[in-house]
Amino acid sequence: MIDRFAGDYGLDPDLVHALIRVESAYDPQAVSHAGAVGLMQVMPETAVDYGIDSIDQLFEPEINLHTGMRHLKRLLEKYDGIGAAVMAYNAGEGALERGQGFVEYPETQRYTHQVLSDYLIRKGIHPYSSDARRALGMALTPEMAVAGGGSSALRRFATPRSSAMFPGASSAQTQTARWQSGGAPGPRIRATTLSSRLAVPGHSLLKSRLTDPARRAAAGLSGRSVRQVSRAVAD
């Protein structure tokens, strides 16, 4: 479904897969701490711009993919380069423009490194090469992988393909290309934003998804925990 929809929107499936892997790990029920929903972690207020006014709809994979890909397509058309579009997808267009094309939030830099390094590895391109810079429209750096968090904020790629694909790289470069950031909170979102949205009757499903697992855990019962994943598309 992801490949088919990416083709419909003229998007590179490798980029879409890299983004979804980081956003939700392919979990259509994922909900972030900021209230982003589903496979592509679409914020409800962003979805409204594309005619989706129900959070329940964003849990449907087809609707979520259509909405997220439409938004990603628009960002790619608006900005010169994949790198800028991915940063805007995470932190919002306002943050990108205030930073004059580069978002300074450490969590966004780590997120961007995750998505883009995954994308480049899928393409067989070394993340820190001149080819990567041309493909992304920006320079990916090892410092972005550890921005604001040091080594404690890192985890390894789930796939070990990087060392095999980049045999000429130094051990430090190859090692850095295999790290990703681990579930850092989204950039500068007020703690009251999600709470106020949960108070709206139409958002009862999202509220139950966020609170019911915690209640079951507190009662000593087993229950599916809500995945805390990286934030997407909020300004």
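- At a cut-off of 3.5 Å, with distance as the only test, no side-chain donor of H17 or D118 sits close to an acceptor on the other residue.
- D14 and K123 make their closest contact through OD2-NZ, 3.0 Å (heavy atoms, listed as atom of the first residue, atom of the second, distance).
- Taking both residues in full, the closest heavy atoms of L120 and P127 are given as CD1-CA, 3.6 Å, listed atom of the first, atom of the second, then distance.
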Y119/D12 under side-chain contact (heavy atoms from CB on, under 4.5 Å): CA gap, chis, key distance, verdict
CA-CA 10 Å; Y119 169 70; D12 187 334; 3.2 Å; yes
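- For H66 and Y9, the gap between ring centers is short of 6.0 Å.
- Around the CG atom of D80, the shell of radius 6.0 Å holds no more than 12 heavy atoms that belong to other residues, nucleotides or ligands.
- Taking R134 as the reference, D131 meet the salt bridge (charged side-chain N to carboxylate O under 4.0 Å, His left out) condition, with sequence neighbours excluded.
- Side-chain atoms of N64 come within 3.5 Å of backbone N or O of V37 as a donor-acceptor pair.
- Distance check: Q41 CD to N90 CG gives 10.5 Å after rounding to the nearest 0.5 Å.
- Remark: the backbone N or O of G38 is not paired with any side-chain donor or acceptor of Q29 at under 3.5 angstrom.
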Exercise for review: Applying side-chain contact (heavy atoms from CB on, under 4.5 Å), run through Q114 and R21 and close with a yes or a no.
Suggested key: CA-CA 9 Å; Q114 285 182 274; R21 180 187 173 198; over 6 Å; no
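- Residues L116 and V86 form a side-chain contact, since some pair of their non-hydrogen atoms from C-beta on lies under 4.5 Å apart.
- In this structure, OH on Y105 lies 12.5 Å from OG1 on T112, to the nearest 0.5 angstrom.
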Quiz item: Going through the checks in order, is the side-chain contact (heavy atoms from CB on, under 4.5 Å) test met by R70 and K73?
Solution: CA-CA 5 Å; R70 287 178 66 190; K73 177 73 171 179; 5.7 Å; no
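- Note on K78 versus E93: salt bridge recorded, some NZ/NE/NH1/NH2 to OD/OE distance being below 4.0 Å.
- Note on Y50 and I63: separate hydrophobic clusters, where clusters join Ile, Leu, Val, Met, Phe, Trp and Tyr whose side-chain heavy atoms are under 4.5 Å apart, directly or indirectly.
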Between L19 and Y111, is the side-chain contact (heavy atoms from CB on, under 4.5 Å) condition met? List the steps.
CA-CA 9 Å; L19 188 144; Y111 166 90; 3.7 Å; yes
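- Linking ILVMFWY side-chain heavy atoms closer than 4.5 Å, directly or via other members, places L75 and V48 in two distinct hydrophobic clusters.
- The distance from atom CG of L65 to atom CD of E60, rounded to the nearest 0.5 Å, is 11.0 Å.
- What you find for Y79 and A88 is that their closest heavy atoms are CE1-CB, 3.8 Å.
- Put simply, the side chain of S117 reaches to within 4.5 Å of the side chain of L140, judged on heavy atoms.
- Partner of M40 under the side-chain contact (heavy atoms from CB on, under 4.5 Å) criterion, out of H71, M69, E23: M69 alone.
- Heavy atoms only, all atoms of each residue included: R133 and A139 are closest at CD-CB, 3.9 Å.
- Hydrophobic clustering of Ile, Leu, Val, Met, Phe, Trp and Tyr side chains at less than 4.5 Å, counting indirect connections, unites I2 with I82.
- Ring to ring, H126 and Y128 are close: their centroids are under 6.0 angstrom apart.
- Clustering ILVMFWY residues whenever any of their side-chain heavy atoms sit less than 4.5 angstrom apart, transitively, puts L58 in the very cluster that holds M1.
- Going from atom CG of L15 over to atom CG of L76 covers 6.5 Å, rounded to the nearest 0.5 Å.
- Contact between A84 and L96 at its shortest, heavy atoms only, is O-CD2, 3.5 Å.
- Listed for the T46 side chain is no donor-acceptor partner under 3.5 Å among the backbone atoms of V42.
- Counting only distance, with no hydrogens or angles, the side chain of R110 and the backbone of M144 share no donor-acceptor pair below 3.5 Å.
- What you find for P61 and P28 is that their closest heavy atoms are CG-CB, 4.0 Å.
- Note that the CG atom of D49 and the CD1 atom of I52 stand 11.5 Å from one another [nearest 0.5 Å].
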